[in-house]
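Contents: one structure, followed by commentary.
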Amino acid sequence: MKTHYYIDDIINICTDRHLTVDEIFTFLQEIYPDIWRSSVYRNVEQLSDKWKLNKVTWIGKKAYFEANIWNHIHLIDKNTWEIIDLPMESLDFNSLPKNFNIDNTDIKIFWTFSK
């Protein structure tokens with residue numbers, strides 16, 4: 001599959017934020033008015049497959065993409081679907097076996113603010 005010239009733009013758009021493919025398409029359309037939505041979908045999925053983008057799934061029935069590919073936890077507000085990145089070091093994993101090494105995680109914590 002051919003990767004398009006705007007892959008660097010996709011990665012830059014997804015830096016420090018979580019976006020759906022439709023949101024990425026909207027940003028790219030401002031730069032490249034003739035862009036095709038299907039092309040953006042293919043390229044975003046390909047970047048995810050190559051570990052250049054992190055795909056965050058099962059959040060409000062949508063998939064979100066981010067350029068933050070380091071191991072981290074997602075805090076998700078159930079009211080707004082806002083996603084906040086939390087470093088792995090924020091949680092205590094001392095109860096895991098000593099020879100257990102975490103290579104990759106997909107931890108999502110869903111929350112709402114108390115009133």
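Just so we're clear, the structure is a prediction, and the values are computed from it rather than from any experiment.
- At a threshold of 4.5 Å between non-hydrogen side-chain atoms, the residues Lys52 and Ile11 count as touching.
- In this structure, Asp9 CG and Glu30 CD are separated by 12.0 Å, a value rounded to the nearest 0.5 Å.
- Under the 4.5 Å side-chain heavy-atom criterion for ILVMFWY residues, a single connected hydrophobic cluster contains both Phe100 and Ile107.
- When all heavy atoms of Asp77 and Asn79 are compared, the pair lying nearest together is OD1-N, 2.7 Å.
- With Val44 as the fixed residue, the side-chain contact (heavy atoms from CB on, under 4.5 Å) test singles out one of Asp49, Thr20, Ile24: Ile24.
- Judged purely by atom type and a 3.5 angstrom limit, Ser39 has no side-chain atom pairing as donor or acceptor with the backbone of Ile35.
- Ring pair Tyr32/Tyr6 is tilted by interplanar angle, where 30° to 60° counts as tilted.
- Aromatic ring orientation, Trp70 versus His72: tilted (interplanar angle from 30° to 60°).
- For the residue pair Ile73 and Pro87, the shortest heavy atom distance occurs at CD1-O, 4.2 Å.
- In this structure the side chain of Ile83 reaches within 4.5 angstrom of the side chain of Tyr64, judged on heavy atoms.
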Step by step, work out the side-chain contact (heavy atoms from CB on, under 4.5 Å) result for Leu86 and His74.
-> CA-CA 6 Å; Leu86 182 69; His74 291 110; over 6 Å; no
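- Figure legend: cation-pi geometry between Arg17 and Phe27, with NZ or CZ positioned under 6.0 Å from the six-membered ring centre and within 45° of its axis.
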Given the rule in the side-chain contact (heavy atoms from CB on, under 4.5 Å) test, do Ile69 and Leu53 qualify, once you have shown the distances and angles that lead to the verdict?
-> CA-CA 6 Å; Ile69 55 172; Leu53 289 179; 5.7 Å; no
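- Counted by atom type alone, Asn54 and His18 present zero donor-acceptor pairs between their side chains at under 3.5 Å.
- Under the 3.5 Å distance criterion, the side-chain polar atoms of Trp111 are matched with a main-chain donor or acceptor of Ile76.
- In the displayed structure, Lys108 atom NZ is contacted under 6.0 Å by more than 12 heavy atoms of other residues, nucleotides or ligands.
- Atoms CD1 and CG, on Ile7 and Asn12 in that order, are 10.5 Å from each other to the nearest 0.5 Å.
- Across Phe25 and Val40, no two heavy atoms sit closer than the pair CD1-CG2, 3.8 Å.
- Using a 4.5 Å heavy-atom threshold, the side chains of Thr26 and Glu23 count as separate.
- Between Glu45 and Lys55 there is a salt bridge, since at least one side-chain N of the basic residue sits less than 4.0 Å from a carboxylate O of the acidic one.
- Between the CG atom in Asp16 and the SG atom in Cys14 there is a gap of 10.5 Å [rounded to 0.5 Å].
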Going through the checks in order, is the salt bridge (Lys or Arg N to Asp or Glu O under 4.0 Å) test met by Arg37 and Asp22?
-> CA-CA 8 Å; Arg37 186 181 307 267; Asp22 288 333; 2.8 Å; yes
Show your reasoning for whether side-chain contact (heavy atoms from CB on, under 4.5 Å) applies to Asp85 and Glu66.
-> CA-CA 10 Å; Asp85 291 338; Glu66 63 180 331; 3.2 Å; yes
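- Put simply, the side chain of Thr57 does not reach to within 4.5 Å of the side chain of Lys62, judged on heavy atoms.
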